[in-house]
Amino acid sequence: MKVVALVSGGKDSCYAMMKCIHYGHEIVALANLLPVDDSVDELDSYMYQTVGHQIIVGYAECMNVPLFRRRIRGSSRHQKLSYQMTPHDEVEDMFVLLSEVKRQIPSITAVSSGAIASDYQRLRVESICSRLGLVSLAFLWKQDQTLLLQEMIANGIKAILVKVAAIGLDPSKHLGKDLAFMEPYLLKLKEKYGSNVCGEGGEYETLTLDCPLFINASIVLDEYQVVLHSPDSIAPVGVLHPSTFHLEKKGNPDSNSPEEESSLVSEVLGDGPNTSDFTCQRDNGIVDLVEHTSNRLHISRTEKHNTFSICCWLEDSSVSSTGLKEDLETVLTELESQLLKHGYNWQHVLYIHLYISDMSEFAVANETYVKFITQEKCPFGVPSRSTIELPLVQAGLGKAYIEVLVANDESKRVLHVQSISCWAPSCIGPYSQATLHKSVLHMAGQLGLDPPTMNLRNEGAIAELNQALTNSEAIAQSFNCSISSSAILFVVFCSARTKQSERNQLHEKFVTFLDLAKSSRRVRNVLDPMFLYILVPDLPKRALVEVKPILYVEEDTETEDETSRDQSSEGDYSFWGYKPEKWHQDCVQKRVVDGKMCVTVLSISAELMRKLQGEEEQLERVSRFCVYLLNKTLSENSFSWQDTTSLRIHFSTSLGVSVERLSDIFASAFRELNKMSDGVKVGSSKEPIFNLVPVLGAGNSCASLDNIITCELFALRS
């Protein structure tokens, strides 16, 4: 990509440019924000480093790249973490600056920044990029600061300290000192006081005088003054004010003439383009389309009052000419209506399962999705998402099927990094990497993408799995946990294109990865995760594997996995004549955590189906057995159906039964349970509490995906 680099003069923004080059991008312009008054060194800004701005003008000649500069007229008006467009905020100066760069150089598609740990800065850069249709590149994001500092120095960043503001740093001693000279001392301060060795806590700022990108010249600081801002005896604050400097040519006799040099630098004035928000306009035909297909729409909803799921799907669309776009618009419109009907909107949604009939239309699905779910509609963070191709049409469904998990409060914590970095794959769009709500971390489906390139690992399914798990671990660590110790359930979607030889190894490799991660962290309280492998026709980017981890993250308390203890309580669970038998437990995986969460995976293979002999039709017998075992598991662990947040029933298309028929069978089983239960009602006659998900196969191991029916139930106690 062609990149405009945000440069402050500091080591981070310069090294970020070097990383852009390393990953195959091209720096075609520089952008810098500076104070209105040239004599002012530092502004009271939460966003910009301006110390040393007097020297940045030399960067254009040093790199032979055009430099665009704008004076900062705004101030820090919008100080919440997530930024929304605010007139006269200093962030709007960046918008004006980058708008002009894009106008003059239309080929630019990305913006580079040196963000390492500041969500405040990263989110603002991402906000501007989103508004301008640019990609944010932040290759230093979440990197280990000690290693990063060593890398910078080893790779030729020549920088000096131009501001100090931390215990152990003295303006009179350390301003003007070379970064390489200061490295051992900065490491000592880290050990002694916990300082950030890259200065991410505001401990110090730097000015780069030379680096490998400075092909024409380096900067020589001739004279400077030390300006003391605060004489505090513990952590004095001081800055270096450059008085005079010159450029030292690097042996290029054909260097630019003065006229060419001056033409490389331009100042951006004015207010820029209209910065008012643009909202996506809905197609006028969507409402008509929904009304036309209303007889094909179906809804399911769990009954928990504060956290519940709503699903929407269409009956077989073969009788009509509607495509994925039309079906998805219909489903999203109906879901939006259902949310409003219950007093909610998209900002209350925690997670979205997006199922489509053809992954080759993924771009169409995304374009439709963003008409409904936007960052503006979700001020507390956009939902996390998993996108899977399922055999929908084969099962008698339309071409789009969505399940949303909804909460009645605004306590969710969302991680949404849109910048491309070396940390984990970016989410460029209205879906986030993970959402934490009431101790449950719902992670987006993770592919085996190499974060800085966003390319799939091309060595096969096992390499993709390792990368997907590495990405998952990076996300988990952002919430101070690990997939090796906090995971309750891993749902692993496996593409039908995966070779059987690789499928046979996936689970073993998965467990090996977790064991290695566990041993490296030495965590005391470790949950024992469950595994559910699901065979599907295709995945985004033609991936072979997608991992969806669900974690339990309880802050400041010990988490107890109660699965090994006998949780059973006395009761009569002999519905439909079933009596507890040992082989029943072979069907059930369950995890009960802290008495708050019960997660159950119930697997019915073809072999188990043959054991369920009875007078009624076989599928009716299976449905009753599933409801019986789920009811027994909930009751034995002191949970009720009213605690259920989601119940997915994955069924193999090899059954040759339509969703409509199977839905009637399971609905009948729940009605019978209601009659046999003491006044406890499960679901309403109008909307079932379960949603049926057609798959090619499922199992507890990828080597054996012969489940006919797999129930996945989540229950949370308030």
Side-chain angles (χ1 to χ4, degrees), residues 19 23 115-117 119 122 126 135-144 147 351 362 382-388 413-429 431-436 441-495 498 502 506-507 509-518 520-521 529 531 533 539-551 553 702:
K19 297 294 279 187
Y23 288 113
I116 297 175
D119 283 305
R122 174 186 59 80
E126 289 177 354
V135 176
S136 171
L137 303 177
F139 289 118
L140 311 189
W141 180 250
K142 291 288 186 183
Q143 298 302 290
D144 180 276
L147 296 178
Y351 201 96
F362 180 77
V382 288
S384 303
R385 191 181 85 180
S386 174
T387 306
I388 307 292
R413 179 183 158 202
V414 173
L415 178 65
H416 184 202
V417 178
Q418 298 182 72
S419 301
I420 293 176
S421 69
C422 299
W423 162 72
S426 64
C427 287
I428 304 173
Y431 40 93
S432 60
Q433 280 89 355
T435 302
L436 178 64
L441 183 62
H442 305 272
M443 202 178 291
Q446 295 299 309
L447 303 178
L449 293 170
D450 176 46
T453 63
M454 292 297 286
N455 292 329
L456 273 175
R457 293 287 299 271
N458 58 11
E459 302 96 328
I462 292 169
E464 283 188 30
L465 175 69
N466 279 324
Q467 186 65 60
L469 293 175
T470 300
N471 297 339
S472 300
E473 179 67 4
I475 294 167
Q477 288 180 10
S478 296
F479 292 87
N480 299 314
C481 64
S482 168
I483 61 170
S484 65
S485 56
S486 299
I488 309 159
L489 173 65
F490 291 102
V491 179
V492 185
F493 297 99
C494 189
S495 167
T498 308
E502 286 197 296
L506 279 179
H507 187 67
K509 299 296 183 183
F510 202 132
V511 173
T512 300
F513 182 98
L514 295 180
D515 287 344
L516 288 172
K518 204 178 299 179
S520 66
R521 286 179 63 87
F531 298 87
Y533 291 85
L539 294 166
K541 291 182 174 284
R542 301 283 285 167
L544 299 174
V545 176
E546 179 174 326
V547 180
K548 187 185 71 169
I550 298 154
L551 283 66
V553 186
C702 204

> Just how far is it from atom CG of L551 to atom CZ of F490, taken to the nearest 0.5 Å?
Replying inline: 6.5 Å
>> Rounded to the nearest 0.5 Å, what separates atom NZ in K142 from atom OG in S421?
In response: 10.0 Å
> Do the rings of Y533 and F531 sit parallel, tilted or perpendicular, given the 30° and 60° boundaries?
Replying inline: parallel
>> Show the nearest heavy-atom pair for residues Q418 and E126, with the distance to one decimal.
In response: N-OE2, 2.9 Å
> Passes side-chain contact (heavy atoms from CB on, under 4.5 Å), T435 versus Y351? Steps please.
Replying inline: CA-CA 8 Å; T435 302; Y351 201 96; 5.8 Å; no
> Which atom pair, heavy atoms only, marks the closest approach of V553 to C481?
Replying inline: CG2-SG, 3.7 Å
> Between S432 (side chain) and V382 (backbone), is there a donor-acceptor pair under 3.5 Å?
Replying inline: yes
>> Once rounded to the nearest 0.5 Å, what's the spacing between atom CG of N471 and atom CD of Q433?
In response: 10.0 Å
> Between L456 and Q467, does a side-chain contact (heavy atoms from CB on, under 4.5 Å) hold up when you go through it step by step?
Replying inline: CA-CA 9 Å; L456 273 175; Q467 186 65 60; over 6 Å; no
> For the atom pair CD1 (I462) and CG (N466), what is the distance rounded to the nearest 0.5 Å?
Replying inline: 8.0 Å
> Using a distance-only test with no angle check, is there a side-chain donor-acceptor pair under 3.5 angstrom linking S419 and S426?
Replying inline: no
>> Tell me the closest heavy-atom pair linking R413 and S478, and the distance in Å.
In response: NH2-O, 3.2 Å
>> Nearest 0.5 angstrom please: E464 CD to T498 OG1, how far?
In response: 7.5 Å
> Of Q446, K518, E473, which meets side chain to side chain contact (heavy atoms under 4.5 Å, CB included) against I483?
Replying inline: E473
> Can you name the closest pair of heavy atoms from W423 and A474 and give their distance?
Replying inline: NE1-O, 3.4 Å
>> I need the minimum non-hydrogen distance between F139 and P452, along with the two atoms involved.
In response: CE2-O, 3.6 Å
> What is the minimum heavy-atom distance between P425 and M454, and which atoms define it?
Replying inline: CA-SD, 3.8 Å
> Does the pair D119 and W141 meet the rule for a side-chain contact (heavy atoms from CB on, under 4.5 Å), with working shown?
Replying inline: CA-CA 10 Å; D119 283 305; W141 180 250; 3.3 Å; yes
>> Show, in sequence, the C-alpha distance, side-chain angles and deciding distance for V492 and C702, and conclude whether the side-chain contact (heavy atoms from CB on, under 4.5 Å) test is met.
In response: CA-CA 9 Å; V492 185; C702 204; over 6 Å; no
> Does the side chain of C427 reach to within under 4.5 Å of the side chain of H416, using non-hydrogen atoms?
Replying inline: yes
> When rounded to the nearest 0.5 angstrom, what is the spacing between OG in S486 and CG in L441?
Replying inline: 9.0 Å
> Mind checking what makes side-chain hydrogen bond (donor to acceptor under 3.5 Å, both in side chains) contact with S472, not counting sequence neighbours?
Replying inline: none
Residues 541-550 side chain polar contacts: donor-acceptor under 3.5 Å, at least two apart:
unit_1: R542; atom_1: NH1; unit_2: D538; atom_2: OD2; d: 2.9
unit_1: E546; atom_1: OE2; unit_2: S386; atom_2: OG; d: 3.0
unit_1: K548; atom_1: NZ; unit_2: H353; atom_2: NE2; d: 2.6

